Each structure stands twice: as C-alpha cells, then as structure tokens.
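The block underneath contains the structure these notes are about, expressed in structure tokens.
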There are 4 protein chains.
Amino acid sequence: MRLRVDPTSPEPIFEQLVFRVKEAIAQGSLVGGDRLPSVRELARDASINPNTVARAYEALEAEGVIVRRQGSGCFVTEKGSSLATNERKRRLDALVQRLVTEGFHLGFGARELRDALAERLSATPLPPRRDS
Amino acid sequence: MRLRVDPTSPEPIFEQLVFRVKEAIAQGSLVGGDRLPSVRELARDASINPNTVARAYEALEAEGVIVRRQGSGCFVTEKGSSLATNERKRRLDALVQRLVTEGFHLGFGARELRDALAERLSATPLPPRRDS
Amino acid sequence: MRLRVDPTSPEPIFEQLVFRVKEAIAQGSLVGGDRLPSVRELARDASINPNTVARAYEALEAEGVIVRRQGSGCFVTEKGSSLATNERKRRLDALVQRLVTEGFHLGFGARELRDALAERLSATPLPPRRDS
Amino acid sequence: MRLRVDPTSPEPIFEQLVFRVKEAIAQGSLVGGDRLPSVRELARDASINPNTVARAYEALEAEGVIVRRQGSGCFVTEKGSSLATNERKRRLDALVQRLVTEGFHLGFGARELRDALAERLSATPLPPRRDS
DNA sequence: GTGGTCTAGACCACA
DNA sequence: GTGGTCTAGACCACG
C-alpha cells in the first residue's frame, strides 16, 4: 500500500489522499476490512505532516469509507453509501455532467467519452459490491 | 442567456460561473461568436460581486473558451483545445477515473455508470465540433 | 448569538460547539439562512483557538447543517437530512435506546421519561420543517 | 449472558461494553445479584483485549451498576442511582435534549419522537425498580 | 474581511 | 503502539 501525493498540485494534499484511497478501493486493491497505514507511518513515507494525514482519514470516515479505531488503526468499511437514493442520483448526474462538459472542451465527442469509460471499466473492473 | 449560481454550494462562485458557461457551450445553447453578458449585467442579474464575474471571465479566457475584446465584450471562441494530444488524453482519463471512483462509492456499478453517461449524451447531444 | 463551551468538560470543545449550534437550530433560535459568527470572532469570544472553531464548523458542514462560503461566512442550511430512510431510523432508535437505558439507571421510569420528553417538546416546540 | 461489541463503531469498545450491560439491566435480562462473566471469559468470547473488559467493569463499578468482589466475580447491584435529585434531573434533561436535537436534525418531528419512545417502552418494558 | 490549508508540537485516550 | 484534541502561527484563496 503506497500512497503518493503531489505537494505542488493546487488540489489540497488531504484531498489527494482521500481520492487515492477511494481509488484504491474502487480498483479492488483495498477491500473491506483492510487496514490503512497508520497516520504517523503514512506521514513519514509521504513527507507530510501527520495532521494532514489525520485530516484525510477524518474526511474518509465522515464519508463512511473507513472507520478509525483508537489504538488499532484505520480500516476500510464494508458498507455502501448511506445517502438517500435521490441524493445519490443527483451526485451521479453532476459527475456525468462534469465529464461530458470538460470532455467536450478537451475536444472529445460522445463516442470517445463512452469509449474512454468503457475502456476504464474493462481495464480494471469495479470490485463486487457487498451490500450492507 | 441566463446564468445561475448556487451561493450555498461549496464550489467557489467564480468556478460555478466558469462551468455554467462551458456547460452552455457543450449543450449548444452558446455557440462560437456569441456574446456573453457584460460583467456588470451578469453581476446584477445573479446578485454576485462584479469582481467575481470578472474573475470567471478571466479564467475562461485563460482556458481559451472566450475572448475579451476591449469595449465590445466577451465572445465565445470557435477553436478547440490547444493542448497537446497526450495532455488531453491524460485529462480525460482523470475525469473518467473521477466518475468511476466517486460513482462506485455512491453505490453505482459499471452498467449504471455507462447508462448514466449514455442517457446524458442522448438527452442533450454534444454540438458538432468545428476543429481549430 | 452567543455560544458557550466548557473547557473542563470531557466532551471535546469542538463537539460542544457542534451540539450548541444544532440545539439552537432545533429550538428555532437559528433558522435557515442565518449567518453564524465568523471563525475568528467566535474564537475570540469563547477564548478558544480559531482552528477548534473551524473544526466544529467543518463537522457541521459535513453533516449538512451549515454551509461555509469563503469570503462570506457560514450559514445555516435549509435542507433536511440526506441520509437514507433506514439509516435515519436506525440512528433514531439508538438515540431512544440511549435515553431509556441511561434514564432507567438514573432511576426514572417509563412515565417519567415520556413526561420529560413531552415537557421538553411543549416548552420549546420544534421549528416547522421546510422539506428540501 | 452474551455481550456483543462492534469493533467498527467509532464508540470505544469499553464504552460499548458498559452500555451493553446497562442495556441488559434496563431490559430485565440482567437483574440485581446476577453474576457477570469473568474478565478473561468475556474477553475470549468477544475477541477483545482483557484490559478493555477490565476497564469497562471498572467504569461500571464507579457508576455503582456492579460490584467487584475479590475472587468471586462481578455482580449486578440492586441499588438505584446515588446521585442527588437535581443532578439526576439535570442529566435526564440533557439526554432528552440530545434526543430532541439529534432527532430533529435527522428529520423527525415531535410526534415521531414521542412515538419512537412509546414504542420502545412498550416493546420491552422497564423492569420494576427496587429502590435502594 | 471571510474561510481553507498546512506545519509543528504538546498532551490525552484507547487497546 | 494506535488515533484524537488542542494550540500556535504562517500563508493562500474567495468575494
């Protein structure tokens, strides 16, 4: 488990960490029950402040992605989103709209967008979902 | 041309404006050569600070989406992205990865992601592209 | 708007602040759209570190109770919980079970618990709910 | 007597144990004089650290819920709360306020809160009280 | 002015 | 050892 961040990016370091962890889960390289590196360990490895790591872990817990247990460490959750269905749909639509709009301005058409998504999904299939 | 922003959103207002304009273009409701509302006009209509509008227009110009002509206003450009092909591809992949990762954590699977994209693309097809 | 905390309490200061704000909303003394004191202002008034206030506000935003807007301040949200129905029910049951168990060990019986709740609800009725 | 804890909960394990015991008493499944499982036994059954169990028992004894007798084990006490009446009332009010405030933010109204409490109390009535 | 991020370092709580 | 809280202070981003 190796998490890298780019301190020169405009994206906050803690958000980069959050996304890296979610990515690892969505790729199946982290699964429910797995333990994340400890705050101090990750801080040392990535040369960032422990508070910054703690903040990322805190955000991940708030999203329900991990749980933090005093004395033991941080663990990937098994359960799915606890949001209401319409809220989930709303957020998905926003993500799709983001992809379509930015993709268009990058010069990609409908077919290329669909292909890029299909390619990503077949290259690294989403892990099976264990409903809570 | 009516641009709305949500002041309660965590997304900065100027970024919302930037995205709204890009969205309008990706939906064909704004096309190359169209004139955007003036800074003061838009600021009044949307009840936001003129500085905020100016900043959004600045960002749009930096991206090459609009041009600002002294005294006559801001106009949508006709040209496509000026980025190199590999950079464009890299950004597209990041967008797709964002959709897949966040979508997965919202509880959506591969099929649902593809469907959501296909639905969006057929509901409001992308306008034809005039390559630069 | 005066928020007080007890630095000697075992309950973390930021959690005390979170609860005070939620209390004020549940009592109708803060309503949707109201602005909270600024981070620095509250920190000065309550003699605590601005980071601690910021953390409380961050938690409140994560819960969807307030929104934070750079440059403008923090505002009470109008919308209700975005959690799924079964999650909401589960949390309510846990709260009720907490009241019943702890109340019993304090020496209160069923009637006294019901009366205490009824009294609280009639003393300061819950504000009307504006569904999102 | 089977006590379960959820290691993934943010609530400390020893506090969960404390609450489980108090819950069992408030449901009548443990009554005055009953013996609790030994520290080692419970630690094995629940797969937790004996120190954690010991700490929970310590907290229960401090609250006057159980007594620990050298060599014979821990026993549920028969006596009620030893707190002064106004302190008991103050704590009850805090519990009620907690329920009302959090319940409101979960989207529940006065009627639903009263109903949830009434339902809980009729589903598993509180055991008769033997005042100290 | 507002909030947001990051660092540094102290001290506490849990297992 | 683990995570959790709090302080202090620097610097950036938004309106």
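Given the structure is predicted, the values throughout are model-derived calculations rather than measurements. Naming: A, B, ... by sequence-line order, numbering from 1 per chain.
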Only counting residues at least two apart or in another chain, list the ones meeting side-chain contact (heavy atoms from CB on, under 4.5 Å) with [X].
X	value
A:N51	A:N49
A:R35	A:S38, A:F75
B:A43	B:P50, B:V53
A:R4	A:R2

Applying side-chain hydrogen bond (donor to acceptor under 3.5 Å, both in side chains), name anything that partners [X], two or more places apart in sequence or on another chain.
X	value
A:R88	none
D:R90	D:E87
C:D34	none
D:E61	D:R68

Assign each of D:T52 and A:R40 to its nearest nucleotide of DNA chain E by heavy atoms, then name whichever residue's nucleotide is nearer the 5' end.
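Counting from the 5' end, the first nearest nucleotide belongs to A:R40.
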How do A:G71 and A:I48 order along DNA chain E: which one's closest nucleotide is nearer the 5' end?
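Final value for this comparison: A:I48.
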DNA chain F: stems of at least 3 consecutive Watson-Crick or G-U pairs, cut-off 3.5 Å?
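For DNA chain F the paired stretches long enough to count as stems (3 pairs minimum) are E:1-14 with F:1-14.
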Where along residues 5-15 of chain A does a heavy atom fall under 4.0 Å from DNA chain E?
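Residues of residues 5-15 of chain A that come under 4.0 Å of DNA chain E are, in numerical order, A:P12, A:I13, A:F14, A:E15.
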Does A:Q70 make a side-chain donor-acceptor contact with the base of E:dA13, cut-off 3.5 Å?
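Under the 3.5 Å cut-off, the side chain and the base do form a donor-acceptor pair.
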Classify the nucleic acid contact of D:N51 as base, sugar-phosphate or nothing, counting any heavy atom under 4.0 Å across all strands shown.
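D:N51: no heavy atom of the nucleic acid under 4.0 Å.
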Walking along DNA chain F from 5' to 3', note the first and the last nucleotide with an atom under 4.0 Å from a heavy atom of chain A, and give both.
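Extent of the interface on DNA chain F: F:dG1 to F:dC6.
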To the nearest Å, give me how far apart CZ (A:R68) and P (E:dA15) are.
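So the CZ-P distance, A:R68 to E:dA15, works out to 14 Å.
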Give a yes or no on whether the backbone of D:A24 and the side-chain of D:S29 come within a donor-acceptor separation of less than 3.5 Å.
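Such a contact is found between D:S29 side chain and D:A24 backbone.
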Using a 3.5 Å distance criterion without hydrogens, assess whether the side chain of D:T101 forms a donor-acceptor pair with backbone atoms of D:Q97.
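Answer holds: yes.
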Inter- and intrachain pairs under salt bridge (charged side-chain N to carboxylate O under 4.0 Å, His left out), touching residues 7-22 of chain C, at least two apart
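Passing the test, one end in residues 7-22 of chain C: C:E11-D:R98, C:R20-C:E23, C:K22-C:E63, C:K22-D:E102.
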